[in-house]
Amino acid sequence: MSQTRPLGRALASCLGNCCIIIAGDPQHKTLPTHPTSSPKNGNVFIHLRYLNHPNGYLTMKPFPEAAGGHTPKPQTGSSSPFNLLRWRYLPIFLGLTYILYCKLTSQPIFAHPLPQHTGPYAVGAIDIESPVMPVRTIDTARFKRTSTPAFDLQTVLFTLYYPTTYAAAKSSTVKRHPWIPRPLSLRAQGYAKAAHISNWLVDKVFEMALRTLAGGITIPAAVDAPLSDTATRYSQFAASWDKADSQEQVLEKTEVGGHPVIVFSHGTVSSRTDYSHYAGELAARGYVVVMLEHRDGSCPGSMIRRKGLPKEKRLIFDETEVETADGREVSVEDFHKAQLSFREAEIEEAVRVMKLINMGRGAEVYDLNPRGEGVDLVNWAGRLNTDEMIVAGHSYGATGAMQALRGGPTPMRPFKGAIILDPGKQSGPLNRDINVPMLVVHSNSWSSKSSIFYGRAHFDTVKDIVEENNERGNPTWFMTSLGTSHPSVTDAPLLEPWILSFTTGATIDVYQGLRQYVHVAEDFLAFLGDGKARGLLAEKAEFPQYDAGAGLGMWQPGQGDNQQAWEEKGEWWDWRSYWQIHGSPAGNSEES
């Protein structure tokens with residue numbers, strides 16, 4: 001009948017106008033005069049009042065009678081269609097509320113913010129890009145598409161993480177670096193290219209995902225804050241960096257002609273910001289960390305900037321995209337050699353810049369920096385120890401750090417020690433020409449997964465290098481951090497702890513895992529200063545090979561030892577809960 005015609009429009013507008021369910025007589029063609037009138041035969045009849053209908057009502061067919069002559073009653077209360085509709089919108093309402101809260105409080109939507117650094121110092125940060133004059137041609141390989149050089153070193157880019165005062169870090173005018181450098185589109189395109197799915201649409205999807213997941217994350221370091229001279233005697237270390245409980249540890253100060261300098265090399269598909277918290281934790285303990293961003297084809301996306309010249313994008317690339325100067329294909333082995341040589345040159349240029357700053361030429365470095373940061377570098381003169389630096393790296397960066405030790409120490413690579421984290425399994429041979437102390441740390445996943453490396457197990461190759469260096473009189477340690485995975489030393493687990501644990505198999509609390517990395521690095525750096533092996537470094541090697549049966553938490557503090565001694569010796573007495581030591585200058589536990 002005509003009254004039913006607007007029904008489609010009523011439902012299509014999601015019942016946008018008020019609806020009333022009433023009972024009526026199915027013999028009536030129109031609604032009873034009084035909506036409360038009782039039906040004559042007990043059948044349920046529905047009328048919908050539709051505000052835009054001329055007569056004001058719509059008529060629907062009655063419910064079919066149930067078997068036995070009983071007519072089913074309409075559902076009421078919380079299970080009515082209209083209440084169900086309201087409950088259906090509740091998740092949307094809560095989601096929008098959460099997004100609004102994150103926007104108002106400048107919090108990332110789906111990721112955890114990076115935690116504040118611990119330690120006696122606050123942390124400062126400066127982005128420095130310094131021109132290399134003249135340009136250094138590291139390898140003659142060129143890009144196939146453009147015929148332009150692939151390994152010409154034009155500038156060196158790094159972020160300085162360094163100790164500053166808490167007063168300077170809390171200034172209302174201080175700014176923070178974004179965790180993903182701008183433009184976001186460059187990093188997104190690089191990630192898509194690394195996954196071999198890059199095109200205009202996918203790049204845009206990646207950019208939107210990055211903006212949503214991590215676009216608002218900032219690094220908790222004060223940009224351009226002044227370099228600090230002093231620290232408090234005591235340092236607070238949180239038991240878990242997202243909790244309030246902490247324990248007091250004495251800070252043993254050593255004066256070695258200024259703040260020690262660490263040059264850090266990142267891994268493949270990484271950048272200078274991916275290890276910001278590890279670098280910040282070392283800076284909070286008095287070290288100046290030079291966090292490089294490599295342009296050797298391993299960074300997802302980096303923007304080369306030179307004053308007075310156009311910007312140049314440098315995306316991740318591999319051997320299939322380059323050729324020799326005479327047009328021949330480049331082998332994987334030759335490509336890795338070129339990359340490692342390029343990284344070595346970038347490390348040398350970073351050392352050169354740091355020496356300039358320490359020599360009192362900080363103003364010159366600032367003037368040439370297209371990033372516009374470093375105004376206080378003029379006051380850094382004579383406050384760094386640039387004669388005895390430390391080189392460090394993770395994954396491909398660990399391979400590069402080992403490469404930088406060959407023939408050293410030298411004036412261009414004045415490294416007196418190295419921290420090697422998960423040395424690469426597919427980044428070329430590992431350098432054995434090493435004449436300085438080293439700390440080699442494997443994540444649990446790096447030791448547990450056996451890999452053939454140039455005809456031998458990778459683990460055995462690393463252990464041989466450690467033993468050879470110990471035999472030459474250079475104290476070197478090799479150990480596995482239990483419960484960790486390859487990304488555990490990066491910022492990723494701090495930002496997405498559940499996702500990273502699920503996808504990488506890490507079982508340790510993410511804060512505890514990174515805390516263990518920081519502790520052992522701190523003890524090694526202290527050893528380089530005074531020659532005293534402390535904490536974990538004073539222990540003998542108990543595990544010639546990785547033992548999967550003695551994993552994270554298997555050892556309980558004090559188990560098999562004197563409980564009173566454990567209480568007196570402190571947290572390192574339970575080191576077996578978190579570590580397996582495979583090589584140590586203290587020898588093996590079997591030795592008398």
- Message: If you compare all heavy atoms of Glu293 against all heavy atoms of Ser271, which two are closest, and at what distance to 0.1 Å?
- Response: OE1-CB, 3.4 Å
- Query: Where the side chain of His442 meets the backbone of Phe459, is there a donor-acceptor pair that is under 3.5 Å apart?
  - Reply: no
- Query: Are Asp387 and Lys416 ion-paired here, with the side-chain N under 4.0 Å from a carboxylate O?
  - Reply: no
- Task: State whether the side chain of Ser341 and the backbone N or O of Ala338 hold a donor-acceptor pair below 3.5 Å, judged by distance alone.
- Result: no
- Give a yes-or-no answer on whether the side chains of Thr118 and Glu281 include a donor-acceptor pair shorter than 3.5 Å. yes
- Message: Looking at Thr273, is its backbone amide N or carbonyl O close enough to the side chain of Trp179 to form a donor-acceptor pair, meaning the two atoms are under 3.5 Å apart?
- Response: yes
- Have Lys425 and Ser451 got a donor and an acceptor in their side chains that come within less than 3.5 Å? yes
- Message: So does Glu373 get a backbone contact from the side chain of Asp127, meaning a donor-acceptor N/O pair under 3.5 Å?
- Response: no
- Item | Output field: ring centroids Tyr162/Trp380 closer than 6.0 Å | yes
- Note on the structure: OG1 of Thr218 to CG of Leu114, rounded to nearest 0.5 Å, is 7.5 Å
- Without swapping roles, check the side chain of Ser481 against the backbone of Thr484 for a donor-acceptor pair under 3.5 Å. no
- Scanning both residues in full, the closest heavy-atom pair of Gln116 with Pro220 reads NE2-CB, 3.7 Å
- Under 3.5 Å donor-acceptor, Arg472 side chain and Ile434 backbone: yes
- Query: So, are Glu468 and Lys463 salt-bridged, with charged N and O less than 4.0 Å apart?
  - Reply: no
- So, are Arg343 and Glu346 salt-bridged, with charged N and O less than 4.0 Å apart? no
- Task: Please report the shortest heavy-atom distance between Val510 and Pro493, naming the atom on each side.
- Result: CG1-CB, 3.6 Å
- Message: Would the distance check show the side chain of Asn385 and the main-chain N or O of Gly258 forming a donor-acceptor pair, the cut-off being under 3.5 Å?
- Response: no
- Task: Please report the closest heavy-atom contact between Ala418 and Leu405, naming both atoms and the distance.
- Result: CB-CD1, 3.6 Å
- Item | Donor-acceptor side-chain pairing of Asp334 and Ser331 below 3.5 angstrom | yes
- Compare every heavy atom of Ser445 with every heavy atom of His486, then report the nearest pair and how far apart it is. N-OG, 3.0 Å
- Judged by modelled atom types alone, do Ser302 and Arg314 share a side-chain donor-acceptor pair under 3.5 Å? no
- Judged by modelled atom types alone, do Ser427 and Thr399 share a side-chain donor-acceptor pair under 3.5 Å? yes
- 4.5 Å side-chain heavy-atom contact, Ile390 and Leu525: yes
- Can you name the one residue among Tyr275, Tyr161, Phe415, Tyr287 that meets ring pair (Phe, Tyr, Trp, His ring centres under 6.0 Å) with Phe264? Tyr275
- For residues Gln403 and Leu340, determine if any side-chain heavy atom of one lies less than 4.5 Å from a side-chain heavy atom of the other. yes
- Do the side chain of His177 and the main chain of Ile219 share a donor and acceptor less than 3.5 angstrom apart? no
- Task: May I have the step-by-step check of salt bridge (charged side-chain N to carboxylate O under 4.0 Å, His left out) for Asp509 and Arg515, ending in yes or no?
- Result: CA-CA 10 Å; Asp509 173 81; Arg515 178 170 175 258; over 6 Å; no
- Taking the side chain as every heavy atom from C-beta outward, state whether Asn474 and Val436 have any pair of such atoms under 4.5 Å apart. no
- Salt bridge or not for Glu129 and Arg295, using N-O below 4.0 Å? yes
- Side-chain touch Glu349/Leu153, heavy atoms, less than 4.5 angstrom: yes
- Query: In Å and rounded to the nearest 0.5 Å, what is the CD to CZ distance from Glu348 to Arg413?
  - Reply: 5.0 Å
- Task: Report the C-alpha distance between His117 and His277 in whole Å, list the side-chain angles of each, state the deciding distance to 0.1 Å, and finish with yes or no for ring-ring contact (aromatic ring centres under 6.0 Å, His included).
- Result: CA-CA 7 Å; His117 303 109; His277 205 73; 4.7 Å; yes
- d(Leu482 CG, Thr507 OG1) to nearest 0.5 Å is 8.5 Å
- Message: Could you tell me if the side chain of Ile128 sits less than 4.5 Å from the side chain of Ile357, heavy atoms only?
- Response: yes
- Task: Would you give the length of the straight line joining atom CD of Glu539 to atom CZ of Arg534, rounded to the nearest 0.5 angstrom?
- Result: 14.0 Å
- Query: Between the side chains of Gln426 and Tyr396, does any donor sit under 3.5 Å from an acceptor?
  - Reply: no
- Task: Taking Gln580 for its side chain and Phe543 for its backbone only, find out whether a donor-acceptor pair lies under 3.5 Å.
- Result: no
- Message: When you compare the side chains of Ser298 and Asp296, does any donor N or O come within less than 3.5 Å of an acceptor on the partner?
- Response: yes
- Query: When rounded to the nearest 0.5 angstrom, what distance separates CH2 in Trp477 from CG in Asn470?
  - Reply: 8.0 Å
- Side chains of Ser395 and Asp422, donor plus acceptor under 3.5 Å: no
- Is there a side-chain contact (heavy atoms from CB on, under 4.5 Å) between Met354 and Leu160 once you walk through the steps? CA-CA 10 Å; Met354 296 307 295; Leu160 281 180; 3.6 Å; yes
- Message: Checking side-chain polar atoms at under 3.5 Å, does Asp491 have a donor or acceptor matched by the opposite partner on Ser276?
- Response: yes
- Message: Tell me the closest heavy-atom pair linking Pro163 and Leu227, and the distance in Å.
- Response: O-CD1, 3.5 Å
- Look at Glu333 together with Lys337 and state whether they make a salt bridge at an N to O cut-off of under 4.0 Å. no
- Residues that Tyr517 engages under side-chain hydrogen bond (donor to acceptor under 3.5 Å, both in side chains), provided they are two or more places apart: none
- Query: Does some side-chain heavy atom of His458 sit less than 4.5 Å from a side-chain heavy atom of Pro423?
  - Reply: yes
- Query: Are any non-hydrogen side-chain atoms of Pro437 and Leu528 less than 4.5 angstrom apart?
  - Reply: yes
- Could you tell me whether the side chain of Trp579 and the main chain of Gln516 form a donor-acceptor pair under 3.5 Å? no
- Does any donor atom in the side chain of Thr480 or His582 lie under 3.5 Å from an acceptor atom in the other side chain? yes
- Note on the structure: d(His294 NE2, Phe342 CZ) to nearest 0.5 Å is 9.5 Å
- Does Val462 reach the side chain of Leu430, with side-chain heavy atoms less than 4.5 Å apart? yes
- Determine, step by step, whether Val290 and Thr159 satisfy the side-chain contact (heavy atoms from CB on, under 4.5 Å) criterion, reporting the C-alpha distance in whole Å, the side-chain angles of both residues, the deciding distance to 0.1 Å, and the verdict. CA-CA 6 Å; Val290 180; Thr159 298; over 6 Å; no
- Message: Would you say Gln545 and Asp460 are linked by a side-chain donor-acceptor pair, where the criterion is simply a distance under 3.5 Å?
- Response: yes
